[in-house]
Each structure stands twice: as structure tokens, then as C-alpha cells.
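Here's the structure we're looking at; comments come further down.
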Amino acid sequence: MITELIHWLFFLLSVLLAPIVILGTIRKTKARLQARRGAPILQAAFDLIRLAQKGETVSSTASWIFRAASTIGLCNVLLISWLVPWLSFAPWAPPADLFLVVYLFAMSRIFTLLAALDTGSAFGAFGASREATLSLLVEPAALLGLVALGATSRTSDLREIFSFTNTHLQMNPAIWLLVGTAIILSSLVELSRMPIDDPTTHLELTMVHEAMILEASGRNLAIIEFTHALRMSVLFGLSVQCFMRAAPAVWKLPEIIQAMITIIGLLTIAMAVGVFESLAVKLQWRRIPEFIAYAITMSLLAALIAVAGGIV
Amino acid sequence: MNLVAAISILPIVATITTLITRSAVTNRVLVPIFCSLQFASILCWSLPIFRGGSSTLSPMSDFSVTKLGVCFLLLTTFVVACSLTHAGTFFAAESRQNSSYRADQEQFFYASSTLCLLAMSFIFVCDNLGYLWISIEATTLCSASLVYYSRTKHALEATWKYLIVCSVGIAFALLGTVLIFAASQHGACNGGSLNIQVLLSHAELLQPNLLKLGYIFCLLGFGTKAGIFPLHSWLPDAHSEAPAPASAILSGALLNCALFAIYRIAGLMGLTHHCALSSTLPIYWGALTALAASLFLIHQSGIKRLWAYSSIENVGIMLVAIGLDSPLLFFLQALNHSLAKVGLFLLSGNIIQALGTKDLSQIRGVLTTSPTWGILLAVSAIAVTGSPPFGAFLSEWLILTKCTDSRHWLAALILLVAIALSFVAVCIHASRILLGPARTDSTSFRPLLASIVPAVLCVGVTASGLTTLPSFLQNLL
Amino acid sequence: MIVLTNIELTVLMSAVLAALMVGSVHLRVNLWLYGATTILIAIATGLTAYPNEEPSLLLIALLIAGLKSIAIPLFLAWTMDRIHVHRDLGALVAPPIAMHSSILLLGLSFLLTQGLPTPSGTGAGWYGASAGISLVLTGLLLMLTRRLAISQIIGFLVIENGIYVFALTQTRGMPLIIEMGILLDVLVGVMLAGLLTFKIQETFEHIDIAKLTDLKD
């Protein structure tokens, strides 16, 4: 009972803090690499609070969907973060089928698209069309990777797949590394980060995510930004979980150390993304499929290993 | 003196000589002399083998020579010697007529061709699949520069195709060689062996699956080099863009080399009682190659492409002979084809030089312009199609009868159709070349000097049909 | 449970790297990945040499590392710089699709090599063979889908690597002198092809092999 309470406490803390810290770490790393001092790590939280206090302008052509979409999206992502084992510990949750999770992500995307289309602005539609294309391309990568894990561990429940008592996957570092890489690559696409989209510039012609939320302001924007950051932490967290399971030694460690590894892993990935974003150049739109292809390749390899493991 | 030294000293000396001499004329005289000396020296040390004894050369592991090997070695050296002798007149005419002629290109040509002779000679004496592969790849590399002689766009394209297609093909032969090596490690001999004699003596013990795979890959790989039907795309291009002496070497010597490699591996396969693979596959593949090539022969635009496709047809016939496991027929067909085809390529080179075009529709009335060349061309063309009284008739007839004797009726039928088709096609094209009104603008040339080598070859091909050469070979092989 | 020996792991990694190579149209990236593939193969050779106590394999490993994984990519990179060609934009199949196909080919080669008997005493078995076959197929795919002369050369080199891996894992060491001969032939072949690439660029002002179609029937 006590442990369950502690789990809930830590979980809520992570849901609140992780998005802010990860976003802050990425920005800080980028700033340092550009020889700037950079904003404090928690700047994202101050920004959100500031946005929430501001007034809001809603286009007169927008319907109720525009306002509702952001809230639905937030609830959706909160649900996902509860179901998905993106931390090494988690409070009780119902079984989370991997297909359910993948399509919950898809649902949150649908509402973002609807909100972008709803206002009728040109850039919104522009971003929505790009987002739809990207999600179409990236979905097989995420799905195939998770299915490969599921096939090896003989279950489709994500909790079951990621539980440390599941021995099917214990001595299989290759598949964990591959799925982890596939998830991190597809999350870069999913979250519209470099090299797909540059989150810092506002050049409408090249934007994906920013173009969609151009019409949002005030509290609405704060919700959207937080949702986005939480989605990022869930995805990065999932890949950290994959990577840490690649080391067989981690499986036997006590829970507290696993949790610390998770935190260190999240920060490392955030810094790695920061470094990558300051080195990488944004890809031409037409060459993005070449990038996504690497994510799919990783998943295909993982699937190959799963199949080979089934044959042998 | 051992075998390796015996066959490599003269070509190496010749290569070095071509590289250090500054004068083109010296090369034109010296290289043919070196090649003839090489021919004579091979004849000298191989005479005891012909008499039934063993060679006078000291034995060496992985290198030995069989009677068939000596026959092919002599044929190859003879073909190269003839082509390079003729090359003297060819390059003399080239330097007079062609503004893009450059002496260093000619020097490079001689150096590459002597190196190529060296690589080709090794194919017939090495007794090891690894060395066999290395030598065949070396011939590709050396002969690529022969094809590239004229430095034109078309020559470049042909060279690139030749180099890449043959290298990839031969890479598959390497895979086949590796597979055969792996096959020998499963029970046959400890540690495995690539030595053909060792493999032959343990043929029953080789791992059958690996051996079969290896055989198929080798057939595919060396078949690419020999220009077997679906893999022949490089052959007409390379033969038609190379200068005439190089085309003669490619067609008269290099194709035999690749086929000889196939013969060695088919011989190994034959001992393991996989009859379908060792005989039926080459027989039908050869027959199909001959048929496809004779269909290509009908509609041809370039004079040298015509002879190139005729070479493919003959490769098909020789592959059938290999499938029938008859070294005699294989060599007879190779001999007749090489002699006639070298003559044809050299004469076509003369004609192309004289008329300044390769286009068959532009070449007319050679018989009136130059009766000597016309007659020689007619004789060689008839000889290459396999009509009596020339040697090719006998060998093709024997192959057909042997094919029916071994109950490969369908293959015999396909082969018959192919031979008939190619006869008709070559006759039609040759009559168009020879007859008709001559073009008036053809430049002056010296037909006599440029017809000596083709004339010798014509005599040779006639002699092989009319004399007792076949029965002599039969006793020998 | 899949249990791999070190040698199998190394050659499988090189097969995967070769598959990734297909996905990039940047020739320089291709060369880098080719070099990495070959280094891995050299390491696998060294690993084979150690337990079998065959010093000749160590020599071959050094030669492969020095010549094939460093000298050849450097030579090809120098060629590319001289003729100012850096990308193979005219790939006949979109590179992503080609990369996925090459992963599928890796799977296919697992199936293809299942029938082969397991070699004894090489420290690698079925997986080594399938890595070799997969490299051969990947090289073929590269040659079939790319149009530039340089890519064709890289494809040929990958095929050759595959055959070498197959030989390494399926046989107990080819004779040293034959290995050297093969290496020499490959080196000379690549040099010749590189020089021809120069000439093609000079003569045609492009190195697009698919456009060389003057000669046909």
C-alpha cells in the first residue's frame, strides 16, 4: 500500500517535472554549444505559467473543436503516460496493449490536426497536411518495433513486455537496442524536432508542428505546449527503458537504482538531442523519408531478430 | 626449369621490352617474335607429352599440364601470335590514316596484350581452382585496356561494361570456388583443398550440396566471361569496339580460356554422378545459347558485332561439347572456331580501316575493291559456319551425333536449328559485304601485307578439315 | 534464444552496416560505411585467427584493414573530389525502399543458407554464411539500383566482401597465397574502374552509367 502510494507520488512528480526538465536540458545544451549562457533549466515552466496568465484570442471562424482539441489532447497524453511504462516504476494501471498505445498516440494527433484545420488558416492546413504525411510514414516504424518486442516476449501487453520479470527478453540486447533506436528516431519525427523541423525558427514555409499551433494563444497554447513536452518525455522515456534493458546487469538491480538510471538516461538523451540539434541541418522536405527509413530499418531488423528467434 | 618459369619468362620479357622501347616499329617486330618464340618453346617442352611421356619440366604442386591443356596453350599462343603479327600492319595503317593515333597507346596495347597472354597461359597450366580464378580475373583486367585502345566514347562504354559485368560474373565464380573448397572440407580431405587433382581423387567424398551450389556458381561466373546467353551483353560491345587484333584475341583465345575453366569444373562434377548438373545443364544451356545467338545474328548492323554473335553461337556449341564430356570435340570446335574467327576479325579490321566504317549497310563490294580480302573473308565466313570441307563441319557434325547418341534429342534439334540459322544469316551478311557495287571513295591500302596472316589462318582452317588432324587429335586426347 | 559467437556478431554487424549503406545517396557516407563494414570484417578475420592459431589470417586481416578499408575508400574519395560528384541522385529505386529491401534480403539469406551443412572449426556457422550471402545480395542490389559509376564500384566491393565473409566463416582458411592473389586482383580492378570513371567524366561529362546506352542491338 505504501509503495503504491509512493509510486503514485513519484509518477505525478515525473509527469509534472520531466517535460519541463527535458525541454530545459535540450535548450541549455544547445545554448552552451552556441557559447551562450542560456535560460535556466526550469524556464519552460515559467513560460507555461506566463502563457496561462495571458488573455486568449480565438479566430471568429473557429468552432468548439479548436478549444476542445487541446484539452482532449492533454487528457489523451496523460492517459498514455499512465499506461506506457516510460519510467522504471509505475503505479497500478490496467493492461496496456501496444496497439492501443500506438493508436492513442494517433488519436492525439488527429485532434491536433483537427484543431489546425478548424481555424481555416493557410498555415494550419499546411502544417496539418505535413503532419499527416509524417505520421503515416513513421507509424510502421514504431508499431513494428513494439510488435517485434511483443512477439519475442509472447504478449502484446506493454507492461508485461517491459516488466523485469519477463525472461524472454532478458538476454537479448540487440533487439532492445534496435527498438530503442527506432523509437528515438521516430520520436524525433513525431515531435517535429531536428532534422525534420527546426523547433526554434518560425519560418512558416518549413514548419510542421509550429505551423499547426500558430493560431493558438494564451492558456490554450500553454496546454498544447505542455502536452507536446509530455509526449516527448513519454517517448524518450520509452526509448531509455529499451536502452537500459539492453544491459543484462540492469535487470537484477534494485528498483531505486533502476529509477536513477532512468533519470540519468532521460537527461542523457535530452543532452544528446541538444547536441544533435546544434550539429544537424534541417532536411529538405523531400528527403525526410530517407531519414524515417532508418527508423523503419531498425524496426525491420528487430522484427527479423524476433522471427529468427522464433525459428531457432 | 619448371612449368611456371617456362610459360612466364617470355611474356614477361616481352612486356618489359614493350614498355622500355621508345619506337613503335620495334614493338611491331619484336612482340610477334617473342610470341612465336613462346609458341616454339611450348612446343619444345610439350613434345614428350604428345609422345605419351611426361613433360621435361620439373613438377610443381598446383601446376601441371594435361594434353588438353597443352593443346589449348598452343592454340592460345598461336592466336595471340597471329593477332599481334597482324597488329603490325594494322597499326601501321592506323598511324597513316587515323589522326587520333598515338604511339603511346600502341605501346600500351602491346604491353597489355603480352600480359594478357601471360594470364591466359596460366589458366591452362594451373591445377588449383584458386589460381584458376586469379588468372581468369587477371585476363579481364589486362584485356580491358585492349578494348579501351581507341579512347572513344563507344570504346569507353564497352570497356566499362566489360570490366564491370565480367568482374561481377567472376566474383560469383569466386563464390563457387569457395563453396567447392568448403565441400572438400566435409570428409574429403582434412583442411580442404583447391587442388584439382586432389579434388578429382576425392570426388565421391565431397559434400554434395555445397559442390552442386559451387558448380552452378562457377558455371554462372565463368559463363559470364564466356558470353553464355543471358549473360552475354558485354561481349558484342567489347568485341566490336576493340581494335581488330584485340577482338581477335578476345574471341579466339579468351573465350576458350573461360570455357576451359568450365570444362575443368564440369569434369570434377562428372565424377560425382550428378549427371543432370554435369552434363544436361551445360548441354541445354549451350544449345540455347547457340540458338539465341543465331537469332541475334539475323539482324545486325555492325560487321564486328556480327562476328561477335557468331562467337557466342560457337561458345554455345563448345559448351554442348563440354556437357558431352568430350575433350576431343571441345578442342576441335575451339580450334576451328578460333582459326576462322581470328581471320574474320583481322580481315574485318582491314575492311573497317579501308572504308572508315563499321556499319554493315555501308560495306559493299569488297570482292571488287580487294579480291584477296574478299576471297579470304568468304572462306573464313563459310568455315566459321561449319560447312564442309572445313574443320568446323566435322566437329559440329560429331557433336550433333554424340548429342543424339546420348539421347539428348531436344538439344540436338535446337543445336541443328541454331547452326542452320547462323549459316543462313552469316551467308546473307557475307554476300552483302562481298558483292554489290563498291564504294568509290575508299582509300588506298596494301592488301597483300595485310592479308598474310588471314591467309595463313585460312590455310589452317582448311587443313583441319581436309587433313588427318582430327584423327591425330583423337589418338592424342 | 539466439546465441552468436563473436565472429558471427561481427560479420552480422557488417551486413547490417552494408544494408544501411544502401539507404544513403551520399557517396561519402557510402564510402565511410563501406570502410566500417570492411574494418569489421578485418576484425572477424583476426578473431578467427586467434583460436585457430593461424598467423596467416592475421596478416590477411591487416591487409584487409589497410588496403580494402582505408586505401580503397580514400582512393575513391579522391576520385570523387577530382570529378566533383558527391551524390547518387539518380537512384533507380528510392534509397529508403532499397534499404528496406536489403534488410528483407538479410532475412532471405537466413532462409537460403539454412540448407548448408555446418562447418566445423571455423568459430562461425549458419549466421556467418547468411551474413556473407546477405552482403552479396546487398551489393547486387546496390549495383542494380544505383546509376553512378562510383556506386557501381562500391556495390562490387560489397559483393566481394560478402564472398570473403562466406569463405571466412564456411571454410577453415583459404590458402594464404590465393587470398593475396584475390586481394591483388580486386585492388587492380578497383583502380582500373576508378581510372575509367575519370575518363567517363571527361568524355561524357557525367558518370551516369544508365545513360551509357549507345551500344545496343
Side-chain angles (χ1 to χ4, degrees), chain B residues 62 128-131 133-138 140-142 144-145 148 151-161 163-164 166-168 170-172 174-179 181-186 190-194 207 209-210 213 233 236-238 240-241 296 299-302 305 309, chain C residues 115-122 129 132-133 136 139-140 143 149 152-153 155-157 159-160 162-175 177-186 188-193 195-197 199-200 202-204 207 209 211-217:
Chain B
D62 287 338
N128 182 309
L129 289 177
Y131 292 134
W133 185 87
I134 293 170
S135 320
I136 290 202
E137 173 71 15
T140 311
L141 300 177
C142 299
S145 51
Y148 186 47
R151 310 298 197 260
T152 58
K153 273 188 171 187
H154 285 168
L156 194 54
E157 185 183 332
T159 315
W160 179 264
K161 261 193 200 171
L163 190 65
I164 290 298
C166 282
S167 293
V168 173
I170 295 169
F172 279 101
L174 178 61
L175 186 58
T177 308
V178 169
L179 281 163
F181 184 55
S184 73
Q185 290 188 337
H186 287 273
N190 195 23
S193 174
L194 282 169
Q207 213 283 335
N209 287 347
L210 288 173
L213 265 180
S233 66
D237 296 348
S240 106
E241 294 311 319
F296 276 113
H299 187 73
Q300 273 309 318
S301 55
R305 292 185 82 84
Y309 275 106
Chain C
L116 291 181
T118 326
S120 55
T122 61
I133 297 297
V136 170
L140 269 182
M143 291 196 81
Q152 304 274 318
I153 299 174
F156 171 70
L157 286 167
I159 293 181
E160 204 276 329
I163 294 171
Y164 176 78
V165 166
F166 192 84
L168 182 73
T169 54
Q170 296 304 297
T171 67
R172 263 164 293 166
M174 299 269 274
I177 185 136
I178 289 175
E179 290 281 9
M180 305 269 252
I182 292 169
L183 203 58
L184 184 72
D185 270 354
V186 169
V188 176
V190 170
M191 291 287 167
L192 270 185
L195 294 178
L196 276 182
T197 311
K199 294 289 174 189
I200 294 175
E202 255 175 36
T203 318
F204 292 87
I207 55 168
I209 297 307
K211 284 191 201 153
L212 298 186
T213 50
D214 281 351
L215 297 175
K216 60 180 174 204
D217 298 307

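So that the names make sense, note that chain A is the first sequence line, chain B the second, and so on, each numbered from 1.
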Contacting region of [X] [heavy-atom separation from chain C under 4.5 Å]:
X: B:L175; result: both
X: B:I134; result: both
X: B:L156; result: side chain

- For B:S240, enumerate each residue passing the side chain to side chain donor-acceptor pair (under 3.5 Å) test, keeping only those at least two apart in sequence or located in another chain.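 For B:S240 there are no side chain to side chain donor-acceptor pair (under 3.5 Å) partners, ignoring immediate neighbours.
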Least distance between heavy atoms, [X] atom then [Y] atom:
X: B:W160; Y: C:L196; value: CE3-CB, 3.9 Å
X: C:I178; Y: B:L194; value: CD1-CD1, 3.6 Å
X: B:L141; Y: C:G189; value: CD2-CA, 3.5 Å

- Message: Using heavy-atom distances under 4.5 Å, tell me whether C:L192 contacts chain B through its side chain, its backbone, both, or neither.
- Response: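 For C:L192, backbone and side chain are both near chain B.
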- Most contacts with chain C, counted as non-hydrogen pairs under 4.5 angstrom, among B:S233, B:S167, B:G302: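 Option with the greatest count: B:S167.
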- Pairwise distance CZ(C:F166) to CG(B:L174) - rounded to 0.5 angstrom: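 Between atom CZ of C:F166 and atom CG of B:L174 there are 11.0 Å.
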Are any non-hydrogen side-chain atoms of [X] and [Y] less than 4.5 angstrom apart?
X: C:V136; Y: B:F172; value: yes
X: B:T159; Y: C:K199; value: no
X: C:D185; Y: B:I170; value: no
X: B:Q185; Y: C:T171; value: yes
X: B:Y131; Y: C:P175; value: no

- Message: Please enumerate all residues that pass side-chain contact (heavy atoms from CB on, under 4.5 Å) together with B:L213, with sequence neighbours excluded.
- Response: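 Counting only residues at least two positions away or on another chain, B:L213 forms a side-chain contact (heavy atoms from CB on, under 4.5 Å) with B:L179, B:F217, C:L116.
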- Message: Under a 4.5 Å cutoff for heavy-atom pairs, which residue among C:I177, C:L184, C:V186 has the most contacts with chain B?
- Response: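 It is C:I177.
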- Message: Given B:E157, which partner from the list C:T203, C:L212, C:I200 fulfils the side-chain contact (heavy atoms from CB on, under 4.5 Å) test?
- Response: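 For B:E157, the side-chain contact (heavy atoms from CB on, under 4.5 Å) test succeeds with only one of C:T203, C:L212, C:I200, which is C:L212.
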- Item | C:L195 atom CG, over 12 foreign heavy atoms within 6.0 Å |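 Above 12, so yes.
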